Amino acid sequence: MSQNIYDNPGFFEGYAQLPRSRQGLAGAPEWPALQAMLPPLDGKRVLDLGCGYGWFCRVAREQGAAEVLGIDLSARMLARAAELTRDEGIHYRQGDLNGLDLPAGSFDLVYSSLALHYLPELTTLFETVYHSLVAGGSLVFSVEHPIFTCPQPQGWLVDGEGRRSWPVNGYQAEGKRISNWLAEGVIKYHRTLGTHLNALIAAGFAIRHLEEWGPTAEQIAANPALTEEAERPMLLLVAVQKPLR
């Protein structure tokens, strides 16, 4: 079973203060890039894996999705999602993405934002998602970039002249990483870029778009705190498609 860190009261309270929690997708600087990777949603059946507060579920409906299912491990996140949602076309379900069971051919789009790096294994999930999609259906997701997840501990190195660099030691050593982000002992998993892509290919997906996300100049001008995100990729955005048969 995956670690249910979002039901940790301290973690949940800290997460609730983040811009992406308070402002929704508008508070997620990678959202414009991720949104551009989505297929048209009008009339589509959508699944959000690790739906959190349900921000994407509601946006998908606003963009015309016929029905949306959000799945999350955290009861606290789902309770907040239910508070924010007034739409009979959106349903929420508690479930562990590790060992998830989905009916075949039941979705046009599967989406996931910053959830899959919490899973100890991805191959089975990608296979499950592939079978749950209709022919031509899409999987679009974001994860922490392998360059960001590899070092232990995570953090900038500063030389004697004040120049900062991000270490990539441990890049080939895949597996568990422990971070103290919002709470002590948060478990995430590091995988190389090749492992992500090869697992998708092995499941049968065709890779449509890949982005090693960084902020635009306009975003940095509006929010100077994003400057350091231009120094190394923090997020990996991926769009793949189940081929038409």
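Quick caveat: nothing in here was measured; it's all calculated off a predicted structure.
- The nearest pair of heavy atoms linking Cys150 to Pro167 is SG-O, 4.0 Å.
- Closest of all the heavy-atom pairs between Ser113 and Glu30 is OG-OE2, 4.4 Å.
- Remark: Lys176 is not positioned above the aromatic ring of Tyr189, lacking an NZ or CZ atom under 6.0 angstrom from the ring centre and at most 45 degrees off the axis.
- Transitive grouping of hydrophobic side chains (ILVMFWY, heavy atoms separated by less than 4.5 Å) brings Val186 and Phe148 into a common cluster.
- Distance alone, capped at 3.5 Å, is enough to place a donor-acceptor pair between the Asp108 side chain and the Arg45 backbone.
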message = Apply side chain to side chain contact (heavy atoms under 4.5 Å, CB included) to residues Glu212 and Arg232 and explain how you reach the verdict.
response = CA-CA 9 Å; Glu212 298 175 287; Arg232 53 93 179 92; over 6 Å; no
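- Contact annotation: the side chain of Ile71 approaches that of Leu47 to within less than 4.5 Å [non-hydrogen atoms, C-beta and beyond].
- Using a 4.5 Å heavy-atom cutoff, the side chains of Gln63 and Gln35 are in contact.
- Across all non-hydrogen atoms, the minimal contact from Leu109 to Pro39 is CD1-CD, 4.1 Å.
- Residue Asp159 places its CG atom among more than 12 non-hydrogen atoms of other residues, nucleotides or ligands, all under 6.0 Å distant.
- One distance of note links CZ of Arg191 with CG of Leu119; it measures 6.5 Å at 0.5 Å rounding.
- With Val110 as the fixed residue, the side chain to side chain contact (heavy atoms under 4.5 Å, CB included) test singles out one of Val129, Val140, Val240: Val129.
- Ring centroids of Phe126 and Phe141 are separated by less than 6.0 Å, placing the two rings close together.
- In this structure, CG on Leu125 lies 8.5 Å from CG on Asn98, to the nearest 0.5 angstrom.
- With hydrogens and angles ignored, the 3.5 Å screen pairs no side-chain donor or acceptor of Thr85 with any backbone N or O of Asp87.
- With contacts defined as side-chain heavy-atom distances shorter than 4.5 Å, the pair Trp213/Pro233 does not qualify.
- Hydrophobic cluster membership differs between Trp166 and Ile220, with clusters built from Ile, Leu, Val, Met, Phe, Trp and Tyr side chains linked at under 4.5 angstrom.
- Linking ILVMFWY residues whenever their side-chain heavy atoms come closer than 4.5 Å, directly or via other members, places Leu197 and Leu116 in the same cluster.
- Around CD of Glu88, the count of heavy atoms belonging to other residues, nucleotides or ligands within 6.0 Å does not exceed 12.
- Between Phe205 and Tyr130, the two ring planes are perpendicular [angle over 60°; tilted spans 30° to 60°].
- Put simply, CG on Leu139 and NZ on Lys242 are 12.0 Å apart, with the number rounded to the nearest 0.5 Å.
- Between His190 and Tyr171, the angle of the ring planes goes over 60°, which puts this pair in the perpendicular group of the 30/60° scheme.
- In this structure, Leu200 CG and Arg208 CZ are separated by 12.5 Å, a value rounded to the nearest 0.5 Å.
- Scanning both residues, Gly70 and Cys51, for their nearest heavy atoms gives C-SG, 3.6 Å.
- Summarising the geometry of Glu144 relative to Leu114, their closest heavy-atom pair is N-CD2, 4.2 Å, with the distance given to 0.1 Å.
- Side-chain atoms of Thr192 and Glu174 include a donor-acceptor pair closer than 3.5 Å.
- A salt bridge links Glu228 with Arg164; the closest basic N to acidic carboxylate O contact falls under 4.0 Å.
- Note that CG of Leu73 and CG of Leu100 are 11.0 Å apart. Values are rounded to the nearest 0.5 Å.
- Distance alone, capped at 3.5 Å, places no donor-acceptor pair between the Thr123 side chain and the Ala199 backbone.
- When side chains are defined from C-beta on, Val68 does not count as touching His91, because their heavy atoms never get closer than 4.5 Å.
- Here the closest heavy-atom approach between residue Ala28 and residue Pro32 is recorded as O-CD, 4.0 Å.
- Here the CD1 atom belonging to Ile90 is positioned 10.5 Å from the CZ atom belonging to Phe56, to the nearest 0.5 angstrom.
- Within the 4.5 Å cutoff, the side chain of Leu226 has heavy atoms near those of the Gln219 side chain.
- With contacts defined as side-chain heavy-atom distances shorter than 4.5 Å, the pair Leu237/Met37 qualifies.
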